[in-house]
Amino acid sequence: MKRYIAKRLLLIIPMLIGISFIMFTVMHLAPGDTASIKYGMNPEVSGSARANFDKMYDLDKPVLVQYGLWVKRLISLDFGSSLIDDQAVMAKITSRLPATLLLQIISLFIIFLIAVPIGVISAVKRNSFFDRIMTIFVFIGYATPSFWLALLLILFFGFKLGWLPISGMSPWYTAYLDSFDRTKDLIAHLVLPVVATAFGSLAALSRYSRSSVIEVMNENYVLTARAKGLSSSRIVTAHILKNALLSIITIMGLSLPALISGSFIFETIFAWPGMGRLGYEAIMNYDYPVVMGVGVIATFLTLIGIFLSDIAYAFVDPRIRVGGEK
Amino acid sequence: MNKRIIFGIVIIFVMTLSAVLAPFVARYDPLKMDLSEDARLEKPSREHFFGTDNLGRDVFSRMVYGARISLSVGFIAVFISLGMGIFLGGISGYYGGWIDSVIMRIVEIMYCFPTFFLIMMVITFLGPSIVNVMIVIGLTSWAGICRLVRAEFLSLRERDFVQAAKVQGVSNFRIIFRHILPNAMGPVYVSATLSVGGAILVESALSFLGLGIQIPEASWGSILTAGKVYIDYAWWLTLFPGLAILITVLSFNLMGEGLREVLDPKLRERK
Amino acid sequence: MLNIKIRTNIFRRLLFFRKTVTFFLVLLLCLNGYCRESEEGSTDAYVFSGIADARILIPFFADDTTSSSICEFIYNGLTKIDKDLKIVPDLAESWKVEEEGLRITFYLRHDVVWHDGEPFTAGDVYFTFKKILDPGTGCPYISNYSGIKDIEIIDDHTIRFYYSQPYAPALLKFGMGIIPEHLFGKITDIRGSVYAVKPIGTGPYKFSIWKNAQYMVLAANPDYFEHMPRIKRYVYRVVPDQSVQFLELVSGDIDSMGLSPYQFLYRSNTPEFKDRIEKYRYLARSYTYIGYNLKDPLFKDKNVRRALSYAINKKEIIDAALLGLGDECTGPFFKDTVYYDDAAERYSYDMVKAALLLRQAGWSDVDNDGVLEKDGKKFVFRIVTNQGNQVREDVATIIQAQWAKIGVKVDIQVLAWSAFLDQFINKKNFQAVILGWSLPVDPDIYAVWHSDSSKEGGLNFVSYSNPEVDQLIELGRGKFDINERAKIYKRIHCLISEDVPYTFLFFPYSTIAVQKRFKGIEPAPAGIGYNFIDWYVKNDEVRYKF
């Protein structure tokens with residue numbers, strides 16, 4: 001088991017290097033020039049300021065040299081500093097990460113909590129009214145443009161009905177509130193982004209759990225158990241659920257990239273101060289160091305997520321636990 | 001025949017047909033503006049089924065033409081990813097060895113990557129245009145198909161008919177594409193159908209961020225985005241394009257699921 | 001949190017009991033607070049909102065709108081602009097311009113202290129401008145001060161600047177915020193210092209909280225040398241999506257934002273808007289134009305540019321893209337100033353003239369496909385503009401249709417700002433653009449129109465060059481007499497209008513919404529923000545009571 005974990009962990013490094021190289025290359029495909037973004041069309045800014053700027057950030061060196069320099073600094077977790085405001089990229093990301101993690105983890109949790117029961121019930125009571133309704137819901141969930149849903153949620157629950165805050169993570173006066181009100185505010189602000197984030201994946205995961213439960217139910221040992229006359233609720237909990245969970249865990253790990261992809265849009269709509277918005281704004285501003293930083297950290301998080309789901313899988317699946325190899 | 005497939009096919013057929021026959025379906029020129037005050041932001045009516053936008057253009061006509069864009073993004077992107085996925089998955093599964101491990105590493109990278117981030121980067125840096133969008137979506141979404149094809153190839157390459165072909169000295173290229181591939185296509189059809197819907201959604205999300213088609217042309221996503229600022233008043237500018245995307249993607253998904261059920265006997269419901 | 005309307009009605013029921021208890025407490029506190037508040041005279045908070053966060057809070061590094069506007073609340077310059085756009089004293093009590101502008105002496109206020117309590121002196125001014133002028137600092141505004149030859153501290157409250165040649169905009173440029181020497185003196189990296197994100201200034205508001213990408217809170221400075229602002233807090237909220245921003249305004253969580261013409265005219269007619277929100281509009285000090293790349297063979301011929309200008313119906317553009325909220329523009333100066341020449345060529349919409357000019361220039365539709373040709377080449381080009389500006393996108397769409405009528409075919413490309421600048425403007429790799437310039441109070445237009453500014457990366461990216469204009473620009477920036485300058489700039493206006501490097505389109509209106517509880521707003525040529533420290537909220541209308 002230990003060897004397995006270590007091996008999976010080590011695999012993360014070449015993946016990160018591969019991905020960061022892809023991003024670095026893509027970024028330099030662009031005829032980019034950050035000085036112009038920084039100083040833009042400001043009639044008061046002189047040309048020498050622009051040239052100075054390029055030197056300061058090694059932007060005048062060849063791409064491979066820049067990548068080398070970048071990797072060298074990366075080892076000490078130094079992504080350089082933003083071209084826009086000179087703040088250290090790592091500091092920028094760490095200040096934004098908690099908001100993203102909060103949103104993603106709560107969403108994941110809720111997805112899991114709702115999708116698995118839906119899937120199991122749908123599978124056990126196949127073709128029931130509930131199953132049919134859920135199937136419709138799932139197909140709609142799959143097909144809904146998520147940003148559109150987010151807009152509609154804001155419009156109805158935030159604006160028309162006024163039940164929930166429209167955007168932001170906490171009001172500006174949060175520092176003047178007591179901790180009870182502060183938490184309450186935070187929860188209220190979380191509801192819409194979580195719903196928007198979870199909606200699509202909820203459909204995917206409940207569909208997936210349904211089919212994996214069905215698959216397990218058709219396996220021989222379940223049929224045997226049933227033949228032996230075990231009650232169906234026992235069968236569900238003892239045999240089916242445990243085995244179905246295996247594949248559900250895997251798919252949760254794999255749904256992480258989708259969740260993180262969603263954050264680039266949702267965080268902008270909901271004015272959520274997270275990493276996704278940071279990344280989107282950095283791309284728009286050609287802020288290379290931040291783009292790279294966000295890309296690497298987002299990938300790293302995904303890899304860690306997949307790693308964790310692999311480990312969880314290994315724990316549940318005795319074949320891996322014993323063999324140490326897949 | 002499977003109900004889902006029928007539903008999906010009918011809707012897709014209607015959408016595609018009206019996109020192809022756009023000039024006959026749309027009642028107005030989608031680019032024709034009417035800048036007089038009472039022609040702008042007009043509510044849906046008999047003259048304008050889906051109302052008009054802020055420049056007095058007929059939203060229904062714009063959406064009919066927009067269907068061309070949105071659907072072709074879906075089809076062309078998937079066509080590209082099919083090409084890449086089948087080719088890489090094919091040689092990976094057929095040859096195995098180091099070719100296989102190299103390709104599988106790349107596939108793993110694609111799987112772990114927040115692809116949307118990469119797409120955003122590429123489109124921003126190369127300049128937004130609908131052609132770029134199609135290509136980039138295609139180039140970043142082949143990993144799933146590649147895996148599927150590889151898995152099929154792994155099991156098929158040991159079959160007798162492949163061995164027989166090898167003995168007869170048929171070229172590898174021919175074996176891959178003539179002998180194995182046709183037998184491996186079942187799951188690929190399913191996956192490709194589902195991907196069309198996915199590609200349409202990605203395009204609309206990119207349009208939402210302003211990284212899609214150039215004005216005055218429009219896709220469903222860009223009509224929706226342009227109408228966003230009027231959302232609390234001119235609801236038709238956001239509602240109809242959103243619904244169009246939803247229904248189209250839904251149809252592709254239904255068709256894909258239906259195909260899966262037909263092709264995969266294990267999933268057929270036992271009654 | 002006493003008087004904040006709780007928008008989360010879901011929680012309301014749960015909290016009913018708690019609320020009844022707190023209600024009495026609130027009542028007591030309010031009664032108690034009432035007396036204190038009227039003594040202090042500083043209440044409530046003003047929540048402004050924009051789509052981007054501030055970047056750096058050092059005035060001479062701040063080069064984006066948000067950062068510089070927040071810096072104005074925290075710092076003061078030696079001079080400032082009053083409501084009628086006149087240059088008036090700020091940190092300087094008075095000044096003397098001698099030797100035809102070669103020597104400017106400022107007499108500073110004695111009663112100014114920094115937010116940390118240290119007194120403000122001439123040393124701070126000296127330090128600030130020395131830093132700006134040091135090329136190692138990398139201050140983007142350095143060229144505004146390059147005429148300064150020497151700075152001399154006469155005494156603690158008197159400082160003198162020597163210029164190598166007269167520079168008329170100088171006094172205006174002394175509006176640059178002054179930073180404290182006692183904090184920055186020993187710091188080499190000003191950009192990366194803590195005071196760049198937690199600034200100390202002399203201004204009406206003190207820095208209080210900055211939550212990245214969320215909000216910034218500034219608190220009224222009780223020791224401000226004019227008087228303590230009557231609004232207790234200034235809050236800047238970042239809401240990146242403009243449509244969401246508007247919903248926040250209507251629901252009351254934002255007190256002010258700029259409106260789109262559509263929101264200004266139509267959306268604000270609903271009762272919930274009318275009852276609570278006041279709208280202000282005034283002509284913005286900026287203009288929108290079509291710029292032609294004069295290096296492109298297509299636009300080499302002046303008559304072609306004229307024809308294109310005649311073919312544009314400015315009124316239709318203003319009516320459709322701005323819903324009438326704009327005024328026609330004919331040249332590079334602000335309307336209704338002495339520099340703007342009303343007699344300059346206006347290029348009023350005239351299709352006949354446009355067609356005639358094009359025919360004279362050799363363009364005609366030989367193959368009858370609706371697009372003009374000359375020597376086998378079609379009159380087709382691409383016009384670029386930046387993303388995120390609905391008005392410009394609409395203008396592009398309308399212009400495309402207008403030009404199509406005279407047989408000119410245009411493609412539109414809309415790009416994110418950075419990509420737009422980088423790939424098209426700076427490399428001069430464009431045919432035509434739709435853009436806007438904002439107009440500083442001083443008419444000096446060297447940076448945009450002098451042929452010297454047409455180098456790569458310069459702002460004269462259309463490569464306009466007219467020796468007479470060059471000469472007049474140089475002459476104009478050296479003169480302090482307003483009548484002399486008026487004559488010079490009127491002439492420039494006519495010459496540029498004559499050469500048509502741009503088709504000048506319009507001055508848009510600034511359209512701003514402010515919640516009605518804010519009183520004391522007096523719109524003036526400078527807009528509404530100039531007297532912010534005198535705005536107030538009546539005690540019974542205060543929304544944020546903490």
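Since the structure is predicted, the reported quantities are computational estimates derived from the model, not experimental observations. Below, chain A is the first sequence line, B the second, and so on; all start at residue 1.
The local environment of CZ in B:F75 is crowded, with over 12 non-hydrogen atoms from other residues, nucleotides or ligands closer than 6.0 Å. Heavy atoms of other residues, nucleotides or ligands lying less than 6.0 angstrom from CZ of A:F130 number more than 12. Within a 6.0 Å radius of CZ in B:F87, other residues, nucleotides and ligands contribute 12 heavy atoms or fewer. Crowding of A:Y67 atom OH: a count of heavy atoms from other residues, nucleotides or ligands under 6.0 Å exceeding 12.
Atom CG in A:L155 sits 13.5 Å away from atom NZ in B:K228 (nearest 0.5 Å). A:Y286 contributes atom OH, which lies 6.0 Å from atom CZ of B:F125 (distance to the nearest 0.5 angstrom). Taking CZ of B:R4 as the reference point, atom OG1 of A:T135 lies at 6.0 Å (rounded to 0.5 Å). One distance of note links CG of A:L151 with OG1 of B:T238; it measures 7.5 Å at 0.5 Å rounding. Taking OH of A:Y280 as the reference point, atom OG1 of B:T124 lies at 8.0 Å (rounded to 0.5 Å). Separating the CD1 atom in B:I231 from the CZ atom in A:F159 is a distance of 10.5 Å, to the nearest 0.5 Å.
Here the side chains of B:S204 and A:F147 are in contact, with some heavy-atom distance below 4.5 Å. The closest side-chain heavy-atom distance from A:T299 to B:F117 is not below 4.5 Å.
Using a 4.5 Å cut-off between heavy atoms, B:I247 does not touch chain A at all. In this structure, the portion of A:I306 lying under 4.5 Å from any heavy atom of chain B is its side chain and not its backbone. Proximity to chain A (any heavy atom under 4.5 Å) is shown, for B:E108, by both the backbone and the side chain. Interface residue B:L254: backbone and side-chain heavy atoms are both found under 4.5 Å from chain A. If you measure heavy-atom distances from B:L209 to chain A, the contacts under 4.5 Å come from both the backbone and the side chain.
No other option in A:V291, A:I269, A:L303 has as many heavy-atom pairs under 4.5 Å with chain B as A:V291. For the set B:I106, B:D232, B:T115, B:L201, the count of heavy-atom pairs under 4.5 angstrom toward chain A peaks at B:L201. Highest contact tally toward chain B, considering only A:T144, A:T268, A:L301, is held by A:T144 [criterion: heavy-atom pairs under 4.5 Å]. Most heavy-atom pairs under 4.5 Å with chain A: of the set B:M121, B:M110, B:R105, this distinction falls to B:M121. Per-residue heavy-atom pair counts under 4.5 Å with chain A were compared for B:I200, B:L243, B:T248, B:L118, and the maximum is reached by B:L243.
The interface of residues 13-23 of chain A with chain B, defined by heavy-atom distances below 4.5 Å, comprises A:M15, A:G18, A:I19, A:I22, A:M23.
Listed here is the closest heavy atom pair of A:T302 and B:P114: OG1-CG, 4.4 Å.
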Apply side chain to side chain contact (heavy atoms under 4.5 Å, CB included) to residues A:W148 and B:I245 and explain how you reach the verdict. CA-CA 10 Å; A:W148 184 62; B:I245 297 171; over 6 Å; no
